[in-house]
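For reference, the structure is listed below as structure tokens.
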Amino acid sequence: MSSVREEAEGRNLRAEFEDWALPVAPALYRTAHRLTRRPEDARDLVQETMLRAYRTFQNFQPGTNVRAWLFTILYSIVSNEWRRRQRAPEEVSMDVIEERFAKALRTPDIDAESALLQRIDASPEIDSALRGLPEDYRAAILLVDVEELSYEDAAGVLGCPVGTVRSRLHRARKLLFIALRDYARRIGVAEG
């Protein structure tokens, strides 16, 4: 008798998990692809994320942000893989960023940044610029500007303070602005 009840509870848990988690899968894949740069790695990462989420679904608190919870799992897997490979994140000097940004601003068009971010999925140039960002910066910009998580949720996903997320976003946006300035002019969202 208990096996029938356990089986029914298992079906209910699976259906509930599918209702909550599966709608987030496309966003997880987009972010995983941008983090890993390879479709097959992104698929594996999403599969591992969903597997871990399902295994621990009983710990999920209904009413909390399921997207943030799933992105936390995804980012945890990615972070563990980065550590395993012992790849030190590329360090970018703030002085270098400020110098490049100041040079790029000699003919300013700040609105180009927001226009480019709205077209983030539409261009290989934007995708290439994103891939060129240091891992921590790319993760922050993908979570906040692309997947539209709040700073607080992104901080939870990345396991860092909100101020760190803000700092990484500031630097990432400046680097993207520099990298995409000519592209913005070509597509008509910046003058020059």
Side-chain angles (χ1 to χ4, degrees), residues 24-49 52-53 65-105 110 112-114 116-121 123-181 183-184:
V24 184
L28 290 171
Y29 177 80
R30 283 190 307 270
T31 299
H33 187 257
R34 287 191 173 110
L35 289 171
T36 64
R37 303 177 190 144
R38 296 177 42 155
E40 56 276 359
D41 290 343
R43 284 190 296 273
D44 290 346
L45 184 55
V46 171
Q47 183 176 6
E48 181 67 20
T49 299
R52 288 186 188 184
N65 188 336
V66 71
R67 286 174 55 88
W69 179 65
L70 289 168
F71 276 107
T72 299
I73 295 169
L74 177 115
Y75 190 74
S76 173
I77 295 167
V78 171
S79 294
N80 290 338
E81 182 64 20
W82 287 338
R83 271 187 249 136
R84 188 184 70 76
R85 292 182 183 172
Q86 297 179 349
R87 287 184 17 184
E90 178 185 348
E91 292 189 23
V92 179
S93 161
M94 192 59 194
D95 292 336
V96 170
I97 293 172
E98 291 294 338
E99 181 181 316
R100 289 180 190 165
F101 188 67
K103 184 178 177 182
L105 285 180
I110 299 301
E113 176 183 338
S114 60
L116 285 171
L117 286 174
Q118 290 173 354
R119 297 179 182 208
I120 204 134
D121 285 328
S123 160
E125 288 89 346
I126 294 173
D127 193 50
S128 176
L130 280 168
R131 284 193 313 270
L133 291 175
E135 309 267 350
D136 291 338
Y137 295 178
R138 184 171 60 245
I141 211 159
L142 288 173
L143 291 173
V144 174
D145 289 339
V146 178
E147 296 305 332
E148 299 177 342
L149 291 182
S150 69
Y151 287 3
E152 292 77 15
D153 286 341
V157 168
L158 299 172
C160 65
V162 173
T164 302
V165 170
R166 291 180 190 276
S167 174
R168 288 176 184 172
L169 280 170
H170 176 74
R171 292 175 182 183
R173 289 170 179 159
K174 281 187 172 185
L175 289 171
L176 282 177
F177 180 85
I178 294 164
L180 295 170
R181 188 161 180 92
Y183 173 67

Between CG on residue D41 and CG on residue L35, distance to nearest 0.5 Å
11.5 Å
Is there a side chain to side chain contact (heavy atoms under 4.5 Å, CB included) between F71 and D153 once you walk through the steps?
CA-CA 9 Å; F71 276 107; D153 286 341; over 6 Å; no
Can you name the closest pair of heavy atoms from A42 and A32 and give their distance?
CB-C, 3.7 Å
Is the closest basic N to carboxylate O distance between E148 and R67 below 4.0 Å?
no
Locate the shortest heavy-atom distance separating W69 from A53; write the atom from each residue and the value.
CH2-O, 3.4 Å
Heavy-atom closest contact (L142 atom, T31 atom, distance)
CD1-O, 4.2 Å
For the residue pair V144 and S150, what are the closest heavy atoms and their distance?
CG2-O, 4.5 Å
Approximate separation, where rounding is to 0.5 Å, of R43 CZ and E48 CD:
15.5 Å
Which pair of heavy atoms, one from A139 and one from Y75, lies closest together, and at what distance?
CB-CE1, 3.6 Å
Work out which heavy atom in R173 is nearest to a heavy atom in I141; give both atom names and the distance.
CG-CD1, 3.8 Å
Donor-acceptor pair, distance only, cut-off 3.5 Å: does the side chain of T72 make one with the backbone of A68?
yes
Working to the nearest 0.5 angstrom, can you tell me the gap between R52 CZ and L74 CG?
10.0 Å
To the closest 0.5 Å, what do you measure between CG (L180) and OG (S128)?
8.5 Å
Measure the spacing between CZ of R37 and CG of D127 and express it to the nearest 0.5 Å.
9.5 Å
Is the shortest side-chain heavy-atom distance between R171 and P134 below 4.5 Å?
no
Short question: side chain of R138, backbone of L133 - any donor-acceptor pair under 3.5 Å?
yes
Roughly how far, to the nearest 0.5 Å, is the CZ atom of R131 from the OG1 atom of T36?
10.5 Å
Could you tell me whether the side chain of S167 and the main chain of G163 form a donor-acceptor pair under 3.5 Å?
no
